[in-house]
Amino acid sequence: MVDPVEVEAVVKRYGTAVALAGVTLRVGRGEIFGLLGQNGAGKTTLVKILLGMVAPTAGTARLLGIPVGTPSARRAVGYLPEDHRLPEYHTAASLLDCYGGLQGLPRSWRRQRAAELIEMIGLGQAHRLKVRNFSKGMKQRLGLAQALLHRPDVLFLDEPTDGVDPIGRKQIRDLLLAERARGVTIFINSHLLGEVEQLCDRVAILRKGKVVRSGSVVELTHRQHTWLVGFDRPVPDSSTWASAHLDPPDRNGISRVHLADEAALDLFLAEATGRGFAIRHLQKERGTLEDLYLQCATVPIGPHVASSVRCG
Amino acid sequence: MIGWMRSFVALLHDTWLEFIDAKSLWLVLLTIAVLFGVALTIHGEPLAAGRTYLDLAARSLSADTNDLDPAEVSLHTIATRLDGSISWIQSAEPIGPVMQPADGQPQDGPKTSWRVTLVRNTLPVVGKMADTNSIAARFGRVADGELWRVHAIRETTAPLAARLGSQRWEMVVNPGRDLTILWPHRLTLFGDALELTPPQGAPLGLEVFILQKLLATGLGGTALLLVSVVITAGFVPTMIRKGTLELLLARPVHRWQLILGKFIAALLFVAGMLGLLVGATWVVTGIVSGLWAPGILLAVVSLLLFYGLLLSVSIFAGTLTRSAPAAMLIAVAYWAVLFVVGILHAQVVASRVREDLTGRPRPLTVADALRGRSDPRAPLEPQKRPFHRTAAGRIVEATYRVLPHSSDLDAMVDRQLMRGFSVGGRMRQVLESGEFSWLGGMGLTVAHATAFLAAACVIFGSRDP
């Protein structure tokens, strides 16, 4: 089966400036994929190439097995651009109706779907309001609704939770997870690393037009043999333990424990019991995407970035 | 195909909402409604003129005046057509229906029939006696128009008079087809408050002609076109601004479909507006005057063609600059260029006509005679530097040849109006055969509009958002 999103050695140059320097990636069906990178790293350019808005200088890209750049490749694709500006003379319903028409959807089907989406994104109360009177959060939710309108198989979302309050963000996350459960492939461009970490199955980090790191979130944030531990009382001297190296506790009384291997955990627990401490908190530590991202953003890039850089 | 139709209908819906969102549109529609409200208060009152037109019909029996233009025809030409007789109305009596003004004497009008006594004197040697049938057929026919129609006729020539060349007929004449449009009317606005015509009135057809031109293509048309250009010039820049364009380009449509869809949608809505404007003009002038000649309805076509041209210029400019004010200014500037070139070209034509006439004798015309002139005018002096022979004149002419001719679009409507509101004659022939060209009026307009649209599609299609 073909992957819904396939990018093969795509290069984009604007004059002498290189926006994408040979990007290759694939996103599978039902996967939420996060593309990370600083401003100007080429994230939006890559999405625009996939949507056929910008022609690549070299390389090939396919959506659902169809070469990009034709209307048929975009038929089953939804897109929420960053900083989108919805036409202000529409109401939510009329806008969805127009976009549904452009999508070629039958009238009764799109009316019903629009009403359903408007309820789902919580704009049911504002059905008479024109977009020019919407708050930023409302516009963002309507933007998401237009991307979901035609039940696309692939979704491209540029900063989907931008300007949305925490409750709205949670709703959007739930909505996207429900779409994934339907088998929809979701491609997210975002700066909000916490958000990406919660949502995405796989991420790639783009830097100066190249993929410098990619993999599953679990894989990338996995840290070997580090645990977080809390005792029933303060540890007087954390440097004298034999089975592990203990960092001084933080203000919540949690210490980071560095072990030689996984088996050393049992030795550490035994030593703690021997010293008369009762354990109240024990958790395997994972790194955060933010750590990884910051590491990748600061490592200097040489001519062989993709193959030589190993960060995180 | 169904997908295309749905896309197009969606663009239509979108454009409609954008169109009615513009406050200025409502302002102009309100202004136009007020204008028509005012026009509805126009009151037309026929003046008593039956006797004058009966006299004219009698005198016209002396010469065949068909095909003659009263402004151009010379006395000499008339003289060659005289048949050696003189006719006049000896007595005339209105036999109804007559009008009964609220405060005054009963008075004849354009619907009144008359009982008439006509006398015709034949000059010895050059003249011939007329027979009753030819009088019945010719009475009331003046310069291709039908003023009167003879309903009943009886020759009452006395035998002695006949021997002296004098004939007499008793007739009943009804108003002919063209009498109403030539009948002098007094037009007033706001009841009787404001006089629109001189005291002696003006022919009703001419008044309606001027009113329709003013309402449909003059004030109303210009205002509506200007506002439509101002509103719709923003459509494409709004559509292709960053953040909005991406939402559209992600749809399974071609870029040219977006441009063409906006163009057709705007054209349809403005066609609706123009239909309302011109239709209202027709109805209002019809109600006010009772004349329902449909020529003015062609103004929808001429105005729409011209609007389509301006729209395609503004779409081209909007695609190029992505700025609504720039698109609007460029479209209006293009309009101004057409206007100025049109005026300058009229100077070229005038200069050429003048050169043709230079040195020729200028015979006394009937129009001159009516103005009291009795000696022929002096030949025209040669021009020092004929405009059409200067470099500037040549440039104007070359430019005019490739630009759309808005004057020809106007002429297209004027010809139809003339058919409805004038009698025939040489003047109408000149108007219908003259400077008007379908190619200049419609062909060049459509060609320019197509070129600008195609350029917009190419630019828009090849540019990264």
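Residue numbering restarts at 1 for every chain, and letters A, B, ... go by the order of the sequence lines. When reading the values below, keep in mind they use all heavy atoms of this one structure, side chains included, and skip hydrogens, waters and symmetry mates.
- Counting heavy-atom pairs closer than 4.5 Å to chain B, the top-ranked of the candidates A:Pro106, A:Gly52, A:Gly100 is A:Pro106.
- Ring orientation note: the planes of B:Trp256 and B:Trp4 are nearly perpendicular, at an angle over 60° on the 30°/60° scale.
- Contact count against chain A (heavy-atom pairs under 4.5 Å) is highest for B:Arg241 among B:Gln257, B:Met5, B:Met239, B:Arg241.
- For the side chain to side chain contact (heavy atoms under 4.5 Å, CB included) criterion with B:Leu309, the lone passing option out of B:Leu409, B:Leu338, B:Val446 is B:Leu338.
- Chosen from B:Leu248, B:Leu245, B:Asp14, the residue pairing most often with chain A at heavy-atom distances under 4.5 Å is B:Asp14.
- Interface check for chain B: of the options A:Leu95, A:Leu102, A:Val77, the most heavy-atom pairs under 4.5 Å are formed by A:Leu102.
- The neighbour count for B:Phe339 CZ, taken as heavy atoms of other residues, nucleotides or ligands under 6.0 Å away, does not exceed 12.
- Cation-pi geometry between B:Arg251 and A:Tyr99 is satisfied (NZ or CZ under 6.0 Å from the ring centre, within 45° of the ring normal).
- Counting heavy-atom pairs closer than 4.5 Å to chain A, the top residue among B:Glu18, B:Arg255, B:His13 is B:Glu18.
- Residue contact with chain B, scored on non-hydrogen atoms closer than 4.5 Å, is absent for A:Leu80.
- If you measure heavy-atom distances from B:Leu12 to chain A, you find no contacts under 4.5 Å at all.
- Salt bridge annotation for B:Asp21-A:Lys130: present, with a cationic side-chain nitrogen under 4.0 angstrom from a carboxylate oxygen.
- Heavy atoms closer than 4.5 Å to chain B are found nowhere in A:Phe156, neither backbone nor side chain.
- Using a 4.5 Å cut-off between heavy atoms, B:Val253 contacts chain A through both its backbone and its side chain.
- Options B:Leu17, B:Leu258, B:Ile20, B:Ile2 differ in how many heavy-atom pairs under 4.5 Å they form with chain A, and the most are formed by B:Leu17.
- Atom CZ of A:Arg182 is surrounded by more than 12 heavy atoms from other residues, nucleotides or ligands within 6.0 Å.
- Geometrically, A:Lys139 does not engage A:Phe134 in a cation-pi contact defined by less than 6.0 Å to the ring centre and at most 45° from the axis.
- Of the atoms belonging to A:Ala73, not a single heavy atom falls under 4.5 Å from chain B.
- Take A:Arg26 and apply the side-chain contact (heavy atoms from CB on, under 4.5 Å) test, not counting sequence neighbours, and it matches A:Asp3, A:Glu6, A:Glu8.
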